[in-house]
Amino acid sequence: MAGVDEFEVPLWRALAVFRIAAMSYAALRVAQNFRDYAHPILAWTVIAVMAAWTVLTIYGYRQPRWRRWPLLIADLAVTAACLLVSPPILGPTGLQLGIANIPVAWIASPVLAWAISGGRRRGVIAAVIMGACDLISFGSLNGASLDSPVLLILAGLAVGHVARLSVDAQARLQRATELEAANRERERLARGIHDSVLQVLALVQRRGAELGGEASELGRLAGEQESALRMLVGTGPAAAPDGEVDLRTTLGRYASGTVSLATPAHPVALPAAVADELTLAVGAALANVEKHCAAGTRAWVLVETEDAEVTVTVRDEGPGFPPGRLDEAAAAGRLGVAQSIKGRICDLGGTVVITSAPGQGTEVELRVPAK
């Protein structure tokens, strides 16, 4: 992602500064101690190689297309070589005096590069390899020799963790920016639709009702399409950056001339799977209204949020039914309500309360956890 590469640039710049500083310190240490080396000319040769490789890697890591395995492996190999040739160059005298290896802190450069490019795991792998080379250069295993490998591993872990967190944060920011742009475009289209299509549909509905006959049916259909379109343009996008869904949008498909949908002004965010199952349960309840009530029976869908629950209530003005009818239907093998409504909601950890009486319509209350 271009945004992620752009965000990584400061990390690579920080690594470039570290390389220059570490290489300069290594050169200063050689200038202080080269008289005690067995091969001082070779020590300066190693410094020259380090300087050239520092310039090359700074340029290479500036190019996103070069931040790949060839350069990463070469970086590790060159640094390991500079480290492993240090003991012969120092010689017995230098080793006895406890003079540090020639690269000193510069050996952390590839570890940091691997961590920035691939996170904690890659950083630790590079640290283990470089730490093993450092132990070989020591020639002994003791407390002092273990300090450098441990510090390399900690550096790989810390920098890799920060790099991944930063990249993830940038990716979320980019998705949020794209969503905001989509929202602005949606609002622009909604204004245009409201000023044209919705007004025309409302006019057709009103004139159809006034004329009666076939025009009345045309007006009713126009009213249903107006309600559905108004719900579509009046709510935000269904998918949120974190994968949640706005329940208002998924329920909008049911809005029509006979079904009124009342929702909060703010998004009702639910996990996608929960919103889908809840929407299907509402659809099943509305299907029962269409099946068991007279044509044109009004129904209302009310969405409410409170604490950690979302409540969707489906009411109709149909004939209702006496107590015990649902149990009789389930015993007879008619499991529409039991499976399509109660089964779905119970699987979500929610509850269903159905209230009805002859001549008083039916109310289906669906409650599900918000998260």
Side-chain angles (χ1 to χ4, degrees), residues 201-202 204-206 208-232 247-264 268 275-306 309-348 350-368:
L201 289 174
V204 172
Q205 179 187 20
R206 186 171 63 254
E210 293 173 355
L211 294 174
E214 294 183 356
S216 177
E217 176 65 14
L218 180 61
R220 185 185 67 81
L221 294 174
E224 292 180 357
Q225 295 306 310
E226 181 199 4
S227 298
L229 187 57
R230 191 179 296 278
M231 175 56 62
L232 179 63
L247 183 63
R248 302 178 307 166
T249 302
T250 61
L251 291 177
R253 71 183 74 165
Y254 298 125
S256 67
T258 57
V259 178
S260 299
L261 181 60
T263 64
V268 182
D276 288 344
E277 289 296 295
L278 181 55
T279 300
L280 291 174
V282 172
L286 292 173
N288 285 334
V289 175
E290 185 176 356
K291 179 179 179 180
H292 299 291
C293 301
T297 299
R298 296 279 301 172
W300 293 264
V301 178
L302 173 64
V303 180
E304 300 173 285
T305 59
E306 51 180 295
E309 282 189 330
V310 173
T311 302
V312 180
T313 304
V314 181
R315 298 190 184 100
D316 66 64
E317 55 182 17
F321 54 84
R325 176 66 62 83
L326 292 179
D327 295 334
E328 294 175 2
R334 299 191 298 273
L335 303 176
V337 173
Q339 293 182 348
S340 298
I341 300 178
K342 290 184 177 180
R344 283 193 169 98
I345 301 304
C346 289
D347 288 345
L348 298 176
T351 59
V352 178
V353 177
I354 300 177
T355 305
S356 184
Q360 297 183 12
T362 303
E363 178 179 291
V364 181
E365 183 183 82
L366 314 174
R367 287 180 177 268
V368 298

Taking C-beta and beyond as the side chain, do Thr263 and Leu251 meet within less than 4.5 Å on heavy atoms?
-> no

Within a strict 4.5 Å, meaning less than it, do heavy atoms of the Val314 and Tyr254 side chains meet?
-> no

Using atom types as modelled and distance alone, determine if a side-chain donor or acceptor of Arg367 lies under 3.5 Å from a backbone N or O of Val312.
-> no

Interatomic distance, CD1@Ile354 vs CD@Glu363, rounded to 0.5 Å, equals 10.5 Å

Between atom OG1 of Thr351 and atom CG of Leu366, what is the distance when rounded to the nearest 0.5 Å?
-> 8.5 Å

Would you mind reporting whether Asp316 and Cys293 have side-chain heavy atoms less than 4.5 Å apart?
-> yes

What do the steps show when you test Val352 against Glu365 for side chain to side chain contact (heavy atoms under 4.5 Å, CB included), and what is the final call?
-> CA-CA 6 Å; Val352 178; Glu365 183 183 82; over 6 Å; no

Exercise: identify the closest heavy-atom pair between Val289 and Ala299 | CG1-CB, 4.4 Å

So does Arg298 pair up with Glu317, basic N to acidic O under 4.0 Å?
-> no

Can you measure from CG (Leu247) to CG (Asp276) and round to the nearest 0.5 angstrom?
-> 10.0 Å

Judged by atom type as modelled, is there a donor-acceptor pair below 3.5 Å linking the side chain of Ser356 to the main-chain atoms of Gly361?
-> yes

Are Thr362 and Val364 close enough that some pair of their side-chain heavy atoms sits under 4.5 Å apart?
-> yes

In Å, rounded to the nearest 0.5 Å, how long is the span from CD of Glu277 to CZ of Arg344?
-> 5.5 Å

Are the side chain of Thr279 and the backbone N or O of Ala275 linked by a donor-acceptor pair below 3.5 Å?
-> yes

Side chains of Thr313 and Val301: closer than 4.5 Å at any heavy-atom pair?
-> no

The reported gap from CG in Leu302 to CG in Leu261 (rounded to nearest 0.5 angstrom) is 9.0 Å

Point-to-point distance, once rounded to the nearest 0.5 Å, from OG1 of Thr355 to CZ of Arg315 = 9.5 Å

